Each structure stands twice: as structure tokens, then as C-alpha cells.
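So the structure is just underneath, and the comments pick up after that.
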Amino acid sequence: MNLDRRALLSGAAALGAAPLVAQAKGRAPNPAFPQGFLWGAATAAHQVEGNNVNADIWLMENVTPTTFTEKSGDAANSFLLWETDLDLVKSLGLNTYRFSLEWARIEPEPGQFSIAMLDHYKAIIDGCHARGIHPFVTFNHFTTPRWFAGRGGWHNPEAPALFARYCDRAARHLASGIGHATTLNEPNLAGLLGELLPGDLLATDKAMQEACARAMNVDRFSAGSALYVADPATFRAHQIEGHKQGRAAIKAVRGDLPVGVSLAMMDDQAVGKASLRDAMRERYYGEWLRAARDDDFVGVQNYERKVWNDKGALPAPADARRNTMGAEVWPGSLAGAVRHAHAVTGRPVIVTEHGVGSEDDTIRAWLIPNALRDLKLAMDDGVPVHGYVHWSLVDNYEWVFGYRIRFGLCELDRQTFKRTPKPSAAVLKRIAQANAL
Ligand code: BGC
């Protein structure tokens, strides 16, 4: 879902022709990363597990109309092949695996918790430890149970408490083995996109959720992550409260477990007088960065930069490398986003996602070392960064875009589910194993 968010953000603003801010050149970083630095790859349940039939998004994929170009189906079959995935993480020389728990499996009906499903995720956590991998667990990555969406989702005043109850149950079963936890994935963009979307896409998204409400015979269906949000202020307030209550529930079980939230952040740069940069930063991350000040760390997920003048975002330079969606790929954006996240929160940063959607793996192989170089410069300047987790371990279900957009370090054969590392995986492996650039 995020790619289109980013693409829409790119297209949204008025365009000018001022020169773009250049990437910092010249200074060489100290190549060594700190001991214990987390080097990882990420997935999310709905995008890799397959047959996640009790999730809101599965229903959205299967109603008419739908904004989803393809159904998730078997995805990468990771629900069955999770051991293959862990072996893959290990073979890529990484010490961390970020994956998400599927709330819709753990709590298939309100208040009915599945011990078998909790045991499934416990086996993955144990499997990480058996391989010397640090389990980095997202409690909720976009999908919510159908019943939760059918009760108005995050619009429902009971939503924060419902989420906290799920966090409590999951934490009591799993927290002892978890290395780091995040509550929600990229909640900061929720409800902000309506103003930026072309009318027809937003209208289809709204009609899709209405079709889901009819299919479930409920008054209101509101998905955990959707383009159309009826009441963005309420949705947002409940998610922030859900994050706080969810974090408290996890901490009550294990106070020493580091808990944070992952935020979608661009690297926003200012050009000219009266640049919109600061206003945009406040709009897209302000409230959530302030909420993250009480967390143990802030998760930063970066894919792009935006250069703002007083009218809007400038177009990418003509010679820019571009992803499949046509947006600029600019290695310096990761460090820029990380610097801002730390400056506002004062918290240590973990890069919980960074990558590129492209069939051209040479772009990924170029992006990784160059982004890490600038990230290390930020660290040398005193920004505490504790880890880098690449999105994604394997090509997977890219939400409304289906399987067309490829973010994987490994290629996926959708018939045999065989995973094959791409050359970029060797680039990340070399750096991770050396713990140095
Ligand atoms: C999301 C992932 C998504 C990725 C690429 C991130 O914002 O967390 O679920 O696949 O972006 O768009």
C-alpha cells in the first residue's frame, strides 16, 4: 500500500524547477559499525504467509469493486515455509529477522485466542534463536481481523483497548523470546492521503470497504490500512492511543523488552525561501514522532526523498535512477530521514525498512552500500542507530499492486515457492558479515 502512497505523494504537489539538494560528498565515514549492530531483512505476515483468509485485506481483495490488482493467494507460502525463510536469513549473513504476527490468526473471533497460532509464532521465534537470529517482531503490520474492521476498525472507541488486549495475550505467550517489538507499522500516514488522491481511486476504495460491510452484514467496515478513511482525526487518535496501550501491555509482561513503532518517513529537504518542508514534516510525522518520544527506539522506514519549495515538491532530476513506479531512488534519503527522526524524538533509531521496488537488481545493489555510507556518516555525527533491516527478504505481495513490484533480496518462484538470492543479497551480506562498509 505504501508505494502508491509514496507515488501519490510525489505527484501531489505543484512542481517547480529549482536545483535539487545534492548528496553529501567528500567526507568518508569510519567504516566500522558498532558491535552488536542489527543487520536484518523484513517481511510482513499478509505479504508472505499466504491464505490469510480471516484478515480485512483478504476480504477487500475478494469483493467487487476492489482496488487490489491481484489476490494475495498463497503469497510466498511462508506460513508453511518459515523455516526456509529463517535459513535464508542465516545464509545471507544477517543476524536479525523482522516479521509480523498476524492478529487475524491469533484472535480469529473477538476475545477468542488461538494457542495453536501463538505456538506457531513461538516456533518461529525459537527457530530464530536456534540459528543465532534476533527476532524483531511487529505486532500489527496493516492487516486487522475482519471482525475488528467490521466493528469500525480504528474508528471504534474500543479499538485501543481491543488492540491492547491482543498485545497482552501475544506478549504473555511470546515476549520472553522476542528481541525487539514494534506495535504498529507506518500508522503515521493513515488518513492523510484522501486529499492527495485522484477522486476515482479514493471512490473505489470507499466503495470497496462498503462492499465489505455488506458482505459482513455490518454497518461500517474500516480496514486497518486503507486509502479511504472516513474520519482521519478519530482513526489517528485511536491508533496513537492503541500504540500507547499496546506498548504498556507488552511492557507489563516484560519491562526490559525494547518497544517502539515503525514510521514511514521521507527525507524532506528545503529549497528557497518559505519552503513547505517543515509544514510537510509536521503534517506527515509530527504527531507520531512526538508520540514516539516515550518509546525505547523509533523505527524508521524510508524509500524516498522529497525536495520542497514554497509551492510543493520538485520533480526528480532528469538523470535520476527510478523504481518501477517511476519515483526517484536516492541513497542519501535514508540518512536524512534517520537524522530527522532522532532530532525530534531524541530516541535511538532502528531502520526497520529500506529498499527499492525494482526488477533491476543492480539498482538495489547500488542503493544498499551508498545508503549505508550516508547512514554511517550520520552515526559518526552522533546519531544512535542500532540496526538496519532491509525490505524485503523475498519478493512478495505488494498490497494493491499485487506481485508486480519486487522488493526482495531474493527472488520468488510463485509456482514452486523456491527462493533464490539476487546479487544485491551478496552486497548486503558482505557488509553485514564484516560489520563494516
Ligand atoms: C510497508 C511494506 C511495503 C513496503 C514497500 C512499507 O512501507 O511496510 O508493507 O511492502 O513499504 O512499499
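First listed ligand is number 1; within each ligand, the first listed atom is number 1. The residues of the chain are indexed from 1 along the displayed sequence. All figures in this text were calculated on a predicted structure; none of them were measured in a lab.
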Legend entry - Cation-pi geometry met for Arg247 and Phe139 (6.0 Å, 45°): no
Inset, instruction - For ligand 1, indicate whether the residue Asn396 contacts it via side chain, backbone, both or neither (heavy-atom separation under 4.0 Å). - result: neither
Legend entry - Result of checking Lys244, His238, His243 against Ile240 for side-chain contact (heavy atoms from CB on, under 4.5 Å): Lys244
Which atoms from ligand 1 have a heavy atom of [X] less than 4.0 Å away?
X	result
His141	1 (C), 2 (C), 8 (O), 9 (O)
Glu353	1 (C), 2 (C), 4 (C), 6 (C), 7 (O), 8 (O), 11 (O)
Gln47	2 (C), 3 (C), 9 (O), 10 (O)
Phe407	5 (C), 12 (O)
Asn185	1 (C), 8 (O)
Gln301	8 (O)

Legend entry - Ring geometry between Phe136 and Phe297 (parallel below 30°, tilted from 30 to 60°, perpendicular above 60°): perpendicular
Inset, instruction - Measure the acute angle between the ring planes of Tyr303 and Phe407, then classify it against the limits of 30° and 60° as parallel, tilted or perpendicular. - result: perpendicular
Inset, instruction - Between Phe401, Phe142, Tyr303, flag the one that comes closest to atom 4 (C) of ligand 1 by a heavy atom. - result: Tyr303
Legend entry - Stepwise side-chain hydrogen bond (donor to acceptor under 3.5 Å, both in side chains) test for Tyr97 and Thr43: CA-CA 8 Å; Tyr97 181 44; Thr43 61; 2.8 Å; yes
Inset, instruction - Indicate whether any N or O donor in one side chain lies under 3.5 Å from an N or O acceptor in the other, for Gln301 and Asn185. - result: yes
